[in-house]
Amino acid sequence: MTGTMKAAVLYGINDLRVEDRPIPELLGPDYCLVKIGACGICGSDIHFLRHGRIGEFVVETPMSLGHESAGTIVEVGDEVKGLIPGDRVAVEPGWACRKCEFCRSGRYNLCRDVVFLACPPYDGAFAEYLAWPADFLFKLPENVSLEEGAMIEPFSVGLHAARRAGIRGGDWVLVAGSGPIGLCAIQAAKANGATRIIVTDMVPSRLETARKLGATATINLAETDVEEAVADLTGGRGVDVVLECSGTSKAVISAVEVVKNGGMVQLVGNFMEEMPPIPIQRMVERELSVSGLFRYVNTYPASVDMIAAGVIDLKSLITHRFALDEAPDAMMWVDENKDKVIKGVIEP
Ligand SMILES: [Zn+2]
Ligand SMILES: [Zn+2]
């Protein structure tokens, strides 16, 4: 397909413009052209908008934002099998080399050669069209909406965290932070069999949503001491697993205290501005496991199935919807109304 499309392009700090760009070409016979139907606004998009960088990823040339997307296929390359125009798909936003040690061992999220949407220098999916390799597109069944398909991206982080932490039936889990990723982690922990899920945050409305989505107890950090509260809730034992989704020093330090002896602290949140002091001696003497996490891997097929089967609820995450033209204002507004918004979605 040729012609132009609209896209929301980041030119610099606080400078996002909706402009015409050429419709992207299929870069190979294994590519599809997807008409984007929904793309979530992520904290990382807002971070790029406000700071022009995330760590070592610096926006140097104009780049469109957005990586949590789903849409409808409008064109397929000659070698694409199993997908045809009209199919609705979730877009896994990072594709890898498929050849290196990490790709070959099933951990392609650790590949050094990943093309990731809206991660400089690659354009994102706040656009009308996206050309993408077919093996990173996942067909949605009829009972799964494009909005839900877009939410598989943040859910994947929660699912990967639950898997890496090795959550099993009957486990007690603490999820630190109930932003979008925390809310996904709750659902992933529950789907993996966790029976008690304690959730912390400072915002009462988020804790309420957490209870709706599977938290069995919530702790408001503004009012309650988390270590005492968890000791009360677990009879002094602590939880089997902490999923640290807040990216704050305080939460890491308390994670090391609220987890049981020999338990698992799964890091999920990113530490953008601060380097947490880690209580290493406590980790040593309590024989804790601490695990890192980078994005997710092999989560899309399972996530599609879990939505279709009603095991998880990603609809409830979406609280606000915007047109593509509104993207610049919408992103600012979402950033300024973090307490009200769980997820804002751009719908081109
Ligand atoms: Zn995201
Ligand atoms: Zn690779």
Determine which pairs satisfy salt bridge (Lys or Arg N to Asp or Glu O under 4.0 Å) with at least one residue from residues 136-159, sequence neighbours left out, and list them in order. D87-K139, E147-R321

List the atom pairs, donor and acceptor, that lie under 3.5 Å between side-chain atoms in residues 109-122 and the rest of the protein, sequence neighbours left out.
from : atom 1 : to   : atom 2 : distance (Å)
N109 : ND2    : F294 : O      : 2.8

Output side-chain donor-acceptor pairs under 3.5 Å for residues 157-165, partner residues at least two apart or in another chain, one line each.
from : atom 1 : to   : atom 2 : distance (Å)
R163 : NH1    : N298 : O      : 3.0
R164 : NE     : S291 : OG     : 3.3
R164 : NE     : G292 : O      : 2.8
R164 : NH2    : S291 : OG     : 3.1
R164 : NH2    : G292 : O      : 3.3

Residue pairs passing the salt bridge (Lys or Arg N to Asp or Glu O under 4.0 Å) test where at least one lies in residues 52-77, sequence neighbours excluded: E68-K343

Does R107 qualify as a cation-pi partner of F102, given the criterion of NZ or CZ under 6.0 Å from the six-membered ring centre and within 45 degrees of its axis? no

Atom pair OG1/CD1 of T248 and I253 - distance to nearest 0.5 Å: 8.5 Å

So salt bridge (Lys or Arg N to Asp or Glu O under 4.0 Å) across residues 167-193, not counting sequence neighbours, yields none

Sequence neighbours excluded, every pair satisfying salt bridge (Lys or Arg N to Asp or Glu O under 4.0 Å) that has a member inside residues 204-224: D201-R206

Please write out which residues are connected to V58 in a hydrophobic cluster, directly or through intermediates, given that two of Ile, Leu, Val, Met, Phe, Trp, Tyr count as joined at side-chain heavy-atom separations below 4.5 angstrom. none

Anything under 30° is parallel, anything over 60° is perpendicular, the rest tilted; go ahead and classify H320 against F322. parallel

Kindly write out the residues that satisfy salt bridge (Lys or Arg N to Asp or Glu O under 4.0 Å) with E25, not counting sequence neighbours, or none if the list is empty. none

Apart from M275 itself, what residues make up its hydrophobic cluster, given side-chain heavy atom links below 4.5 Å? none

Short side-chain to backbone donor-acceptor contact, R196 and L233, under 3.5 Å: yes

Which residues pass the side-chain contact (heavy atoms from CB on, under 4.5 Å) test with T72, sequence neighbours left out? R88, L146

What pairs with K35 under salt bridge (Lys or Arg N to Asp or Glu O under 4.0 Å), at least two apart in sequence or on another chain? none

List the atom pairs, with distances to 0.1 Å, where a side-chain N or O of residues 279-290 and a protein N or O form a donor-acceptor pair under 3.5 Å, not counting sequence neighbours.
from : atom 1 : to   : atom 2 : distance (Å)
Q281 : NE2    : E285 : OE1    : 3.3
R282 : NE     : E257 : OE1    : 3.4
R282 : NE     : E257 : OE2    : 2.9
R282 : NH1    : E285 : OE2    : 2.9
R282 : NH2    : E257 : OE1    : 2.7
R286 : NE     : N261 : OD1    : 3.0
R286 : NH1    : V256 : O      : 2.5
R286 : NH1    : V259 : O      : 3.1
R286 : NH2    : V259 : O      : 2.6
R286 : NH2    : N261 : OD1    : 3.2

Mind checking the OG-CD1 spacing from S69 to I36? Nearest 0.5 Å is all I need. 4.0 Å

Do E79 and Y31 have side-chain atoms, one donor and one acceptor, less than 3.5 Å apart? no

